[in-house]
Protein chains: 2
Amino acid sequence: MPLQLSVDRTSPVPLYFQLSQQLEAAIERGTLTPGSLLGNEIDLAGRLGLSRPTVRQAIQALVDKGLLVRRRGVGTQVVHSQVKRPLELSSLYDDLEAAGQKPATKVLRNTLEPATAEVAAALGVAEGDDVHLVERLRYAHGEPMAQLRNYLPTGLLALDTPQLEATGLYRLMRGAGITLHSARQSVGARAATAAEAELLAEAVGAPLLTMQRTTFDDTGRAVEFGTHVYRAARYAFEFQLLVRP
Amino acid sequence: MPLQLSVDRTSPVPLYFQLSQQLEAAIERGTLTPGSLLGNEIDLAGRLGLSRPTVRQAIQALVDKGLLVRRRGVGTQVVHSQVKRPLELSSLYDDLEAAGQKPATKVLRNTLEPATAEVAAALGVAEGDDVHLVERLRYAHGEPMAQLRNYLPTGLLALDTPQLEATGLYRLMRGAGITLHSARQSVGARAATAAEAELLAEAVGAPLLTMQRTTFDDTGRAVEFGTHVYRAARYAFEFQLLVRP
DNA sequence: GTCAAGAGTTTGTCCTGACAATCAGACTTC
DNA sequence: GAAGTCTGATTGTCAGGACAAACTCTTGAC
């Protein structure tokens, strides 16, 4: 009921964003319980000394995140469900780390190779052009988990093997000033080949989860193409998704 | 360059939505080419006889969809990449239909069953309570493609077998006035059991793609829990996802 | 020629105000 | 008692204006 909200007008952080974060924190903390009404926008604006559009912008951000639901004539309610996060472009590294499993990485290859037709098409370069190839084996709890093979255009990023073993590829890219925008993914399954079985300590023919992903930055340039193979017995993709209204 | 834009003020469709749809259509059609500037918001508003907030709302909708990128001091650009759609909560039926493969469905079971512990937990009902069980086999091009098993709480929807064979489950739910809000999914892989192999015309031990999904409506109520099995040789999940800034 | 400063452009944020559409509940009427 | 009807509450849409922040390009200085 108390629900302390306040904004700092001297801060460079936008007002709507401050409000949005405070509301999200209150939901996370349980101060705003699922199903509870938020109180109407006009009052809220008045109490905070903000205008209604600003308050609406803050609320809209949380509606887009799936945390709130608005109903005309009724009000804005906290959605009561196990919303975690609406599927981000996360790396396996981050996923594992978030799950509390300290991931380890072994770089198997880090070279320049001429692009095959498939890679060239995905990255938008000419066939035969040199591209970076990074092949890694990722472990969790000391067990091999996945074989990750990534292709990157040249001249985008310095790929340092020690760094690749210490963190994830996406972090390196973000750190290099590349703003990831979207990705096209394909998730399937197939039986393990002899080489894969050897590498992942599985039997030949064991089911593997496969993922192909092309990632684009905000200029539409393909910045990465990866074909990955996961041990199905050890890993599954978990995600939350929102229906866009 | 011409780019015919106009809004109909007598229409009940919101102005920002009319504009947003026209812009999206122009991008789809190729009239607005990737990388091209959209022209500044003030002018655009003036030319259309709209206010700037309305134009901004229209543009924002497309930015959220990943079709446009805004840059302060530069302008709004059409993102040039193969954006299709940012992963909707789509049913297999819709997916197949969109791919031009006429899907067929055979209902194997449509009964009431007591909920197991797993189903009860997913749907938020008591263990042993009756729930609907719908088991279907889905075909594409006359070939079996997937086994779909769905559990639904009672009293939500009339599950008519002929209707289930004619369309997808999600369409039925939407038609019954249920507004889908979010879903929690898990995608994995495993080897086919003897029963699954028989049903899907695969060999025992063949890799299968598995998906579990719990769907929630906008009140946070679980409205469906499904465990599905796809022939990995015939199907893969394809989707596009956006990085939320 | 190179680098820095400044001007102009464009989006980002925020305000005030107004009316419309929709929903829930109380009220009226039959 | 049941059905329709009205009323109040709340979000949805739209206008117009103002200033701030970030980017690009030109201009100027060295």
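So that the names make sense, note that chain A is the first sequence line, chain B the second, and so on, each numbered from 1. This structure is a prediction, so every number in the text was calculated from the model and none was measured.
Salt-bridge annotation for R70(A) and E41(A): present, with a side-chain N of the basic residue lying under 4.0 Å from a carboxylate O of the acidic one. Ion pairing between a basic and an acidic side chain is recognised when a charged N comes within 4.0 Å of a carboxylate O; R29(A) and E24(A) show no such pairing.
In terms of phosphate contacts, Y16(A) brings no side-chain nitrogen or oxygen within less than 4.0 Å of OP1 or OP2 of dC14(C). Contact check, R56(A) against dT11(D): no side-chain N or O comes under 4.0 Å of OP1 or OP2. Side-chain nitrogen and oxygen atoms of T76(A) include at least one within less than 4.0 Å of the OP1 or OP2 phosphate oxygen of dT11(D).
Taking CZ of F216(B) as the reference point, atom CD of E224(B) lies at 10.0 Å (rounded to 0.5 Å). To the nearest 0.5 Å, atoms CZ (R52(B)) and CG (N40(B)) are separated by 8.5 Å.
Taking atom CG on L19(A) and atom P on dT13(C), their separation rounds to 14 Å, with Å as the unit. The nearest whole Å value for the distance from the CD1 atom in I59(B) to the P atom in dT13(C) is 14 Å. Residue L48(B) contributes atom CG, which lies 13 Å from atom P of dG16(D) at whole-angstrom precision. Whole-Å rounding puts the Q18(B) CD to dG12(D) P distance at 19 Å. Atoms CG (L44(A)) and C1' (dT11(D)) sit 13 Å apart, rounded to a whole Å. Note: CD (Q60(B)) to P (dT13(D)) measures 14 Å, nearest angstrom. The CG-P distance, from L38(B) to dT11(C), rounds to 8 Å in whole Å. Summarising the geometry, the separation between CG on L15(A) and P on dG12(C) is reported as 16 Å, rounded to the nearest angstrom.
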Expected list for residues 110-117 of chain A: side-chain donor-acceptor pairs under 3.5 angstrom, two or more places apart:
residue	atom	partner	partner atom	Å
N110(A)	ND2	L159(A)	O	3.2
N110(A)	ND2	T161(A)	OG1	3.0
T116(A)	OG1	V119(A)	N	3.3

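Side-chain contact annotation: T214(A) with R184(A), donor-acceptor N/O pair under 3.5 Å absent.
End-to-end axis angle of the helix from dG1(C)-dC30(D) to dC30(C)-dG1(D), using five pairs per end and rounding to 10°, comes to 0°.
Annotation: of the two residues near DNA chain C, L50(A) and E41(B), the 5′-most nearest-nucleotide partner is E41(B).
Contact annotation for G49(B): backbone-only contact, meaning every heavy-atom pair under 4.0 Å involves sugar-phosphate atoms and none involves a base. Within the nucleic acid shown, P53(B) comes within 4.0 Å of at least one base atom, counting heavy atoms only.
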Protein within reach of the bases, or only the backbone? For nucleotides 18-26 of chain D, mark each nucleotide 5' to 3' as B, S or -, using heavy atoms under 4.0 Å. B--BBBS--

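Minimum heavy-atom separation, E238(B) to S186(A): OE2-OG, 3.5 Å.
Proximity of a side-chain donor or acceptor of S36(B) to a complementary backbone N or O of T33(B) within less than 3.5 Å is detected. With hydrogens and angles ignored, the 3.5 Å screen pairs a side-chain donor or acceptor of Q22(A) with a backbone N or O of S6(A). Between the side chain of E165(B) and the main chain of V107(B), a donor-acceptor pair closer than 3.5 Å is present.
With dT11(D), dC14(C), dT13(D) as the choices, the nucleotide that has an atom nearest any side-chain atom of R9(A) turns out to be dC14(C). Comparing dG12(D), dC14(C), dC14(D) by their closest approach to the side chain of T54(B) singles out dC14(D). Taking the side chain of Q57(B) as heavy atoms from C-beta on, and the options dT11(D), dT13(D), dT11(C), the nearest nucleotide is dT13(D).
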